[in-house]
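Okay, so here's the structure we're looking at.
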Amino acid sequence: KRRRQQMADKAPWRQEIELLQNYQKHATFTHTTSGSTVETALDLTGKMEEGNKVSFVVETGGAYVAFDEDATSSTGMLVPADEGYFDDNIYFSSKISIIREGSTNARIRGIVWGR
């Protein structure tokens, strides 16, 4: 009983290995489209060599999003307004691009972790 009480007093809720981040760099981004052409939401140049984990949300209007290429309605990933995307097993090395789906400008907010 005493052993159980000592463990409760220390409250080791998280192990050290769970708190370690294996990506040395991160970059946050927010971009609002200004027209109906493709735009770069995040340029990795000078920020990191590669993106390996990404999380973002698209707001105000739907948009097509692409990694390492220009987004189009046929090659981009459609993310509806107020929806998001997360991937922790990805590789891209240059940019995230965005093009709005309709006539409403879209805003994308997110974070990328990488090396």
Side-chain angles (χ1 to χ4, degrees):
K1 187 172 181 176
R2 180 167 166 78
R3 172 87 172 133
R4 223 178 304 161
Q5 182 62 41
Q6 286 174 335
M7 290 178 66
D9 290 342
K10 292 183 181 180
W13 303 115
R14 304 288 291 202
Q15 295 180 3
E16 183 178 352
I17 193 69
E18 293 177 292
L19 301 175
L20 295 177
Q21 177 59 262
N22 59 346
Y23 301 112
Q24 297 89 12
K25 299 179 180 179
H26 72 280
T28 59
F29 60 97
T30 299
H31 180 82
T32 304
T33 60
S34 59
S36 59
T37 59
V38 65
E39 300 176 34
T40 299
L42 173 66
D43 182 357
L44 288 183
T45 306
K47 293 177 177 60
M48 64 186 72
E49 189 176 322
E50 64 186 48
N52 303 113
K53 184 177 178 180
V54 63
S55 178
F56 64 80
V57 63
V58 173
E59 305 167 324
T60 69
Y64 294 94
V65 179
F67 301 97
D68 281 344
E69 64 183 10
D70 288 341
T72 67
S73 60
S74 59
T75 63
M77 169 179 51
L78 176 59
V79 182
D82 300 321
E83 296 288 330
Y85 176 80
F86 171 83
D87 196 339
D88 63 352
N89 192 20
I90 193 169
Y91 171 85
F92 60 100
S93 60
S94 61
K95 66 181 178 179
I96 297 175
S97 66
I98 183 172
I99 187 169
R100 69 185 192 197
E101 176 189 20
S103 59
T104 303
N105 282 323
R107 180 174 48 235
I108 184 172
R109 298 176 190 259
I111 185 168
V112 173
W113 294 270
R115 296 174 193 9

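- Scanning for side chain to side chain donor-acceptor pair (under 3.5 Å) contacts around S34 gives E39, with sequence neighbours left out.
- The closest side-chain heavy-atom distance from W113 to K25 is not below 4.5 Å.
- Scanning for side chain to side chain donor-acceptor pair (under 3.5 Å) contacts around T72 gives S74, T75, with sequence neighbours left out.
- The shortest side-chain heavy-atom distance between I96 and T40 does not fall under the 4.5 Å cut-off.
- Nearest approach of G76 to A66, heavy atoms of both residues: CA-CB, 4.5 Å.
- With sequence neighbours excluded, the residues that form a side chain to side chain donor-acceptor pair (under 3.5 Å) with D70 are K95.
- Taking both residues in full, the closest heavy atoms of G35 and N105 are given as N-OD1, 3.5 Å, listed atom of the first, atom of the second, then distance.
- Closest approach of A106 to G62, counting heavy atoms only: CB-O, 3.8 Å.
- Scored by the side-chain contact (heavy atoms from CB on, under 4.5 Å) test, N89 finds D87 as partners (sequence neighbours excluded).
- At least one side-chain heavy atom of K53 sits less than 4.5 Å from a side-chain heavy atom of F86.
- Shown here are the side chain to side chain donor-acceptor pair (under 3.5 Å) partners of T37, two or more places apart in sequence or in another chain: there are none.
- Residues S93 and D68 meet the side-chain proximity criterion, which asks for heavy atoms closer than 4.5 Å.
- Residues V79 and G84 share a closest heavy-atom pair of CG1-N, 4.2 Å.
- Between the OG1 atom in T33 and the CD1 atom in I98 there is a gap of 6.0 Å [rounded to 0.5 Å].
- With sequence neighbours left out, T30 forms a side-chain contact (heavy atoms from CB on, under 4.5 Å) with R107, R109.
- Around the CD atom of E69, the shell of radius 6.0 Å holds more than 12 heavy atoms that belong to other residues, nucleotides or ligands.
- Going from atom NZ of K47 over to atom NE2 of H26 covers 11.5 Å, rounded to the nearest 0.5 Å.
- The shortest distance between side-chain heavy atoms of Y64 and V38 does not fall below 4.5 Å.
- Summarising the geometry, atom CZ belonging to F67 is positioned 9.0 Å from atom OG belonging to S97; distances are rounded to the nearest 0.5 Å.
- Hydrophobic clustering, with ILVMFWY side chains joined whenever heavy atoms are under 4.5 angstrom apart, keeps L42 apart from I111.
- Between T104 and T60, the closest heavy-atom pair is CG2-O, 3.1 Å.
- Residues V65 and I108 form a side-chain contact, since some pair of their non-hydrogen atoms from C-beta on lies under 4.5 Å apart.
- The shortest side-chain heavy-atom distance between E50 and N52 falls under the 4.5 Å cut-off.
- In the hydrophobic clustering of this structure, Y23 does not group with M48; members are Ile, Leu, Val, Met, Phe, Trp, Tyr whose side-chain heavy atoms approach within less than 4.5 Å, directly or through other members.
- A chain of hydrophobic side-chain contacts below 4.5 Å, direct or via other Ile, Leu, Val, Met, Phe, Trp or Tyr residues, connects M77 to L44.
- Atom CD of E59 sits about 11.5 Å away from atom CD of E83, to the nearest 0.5 Å.
- V112 has its side chain within reach of F29: a pair of non-hydrogen atoms, C-beta onward, lies under 4.5 Å apart.
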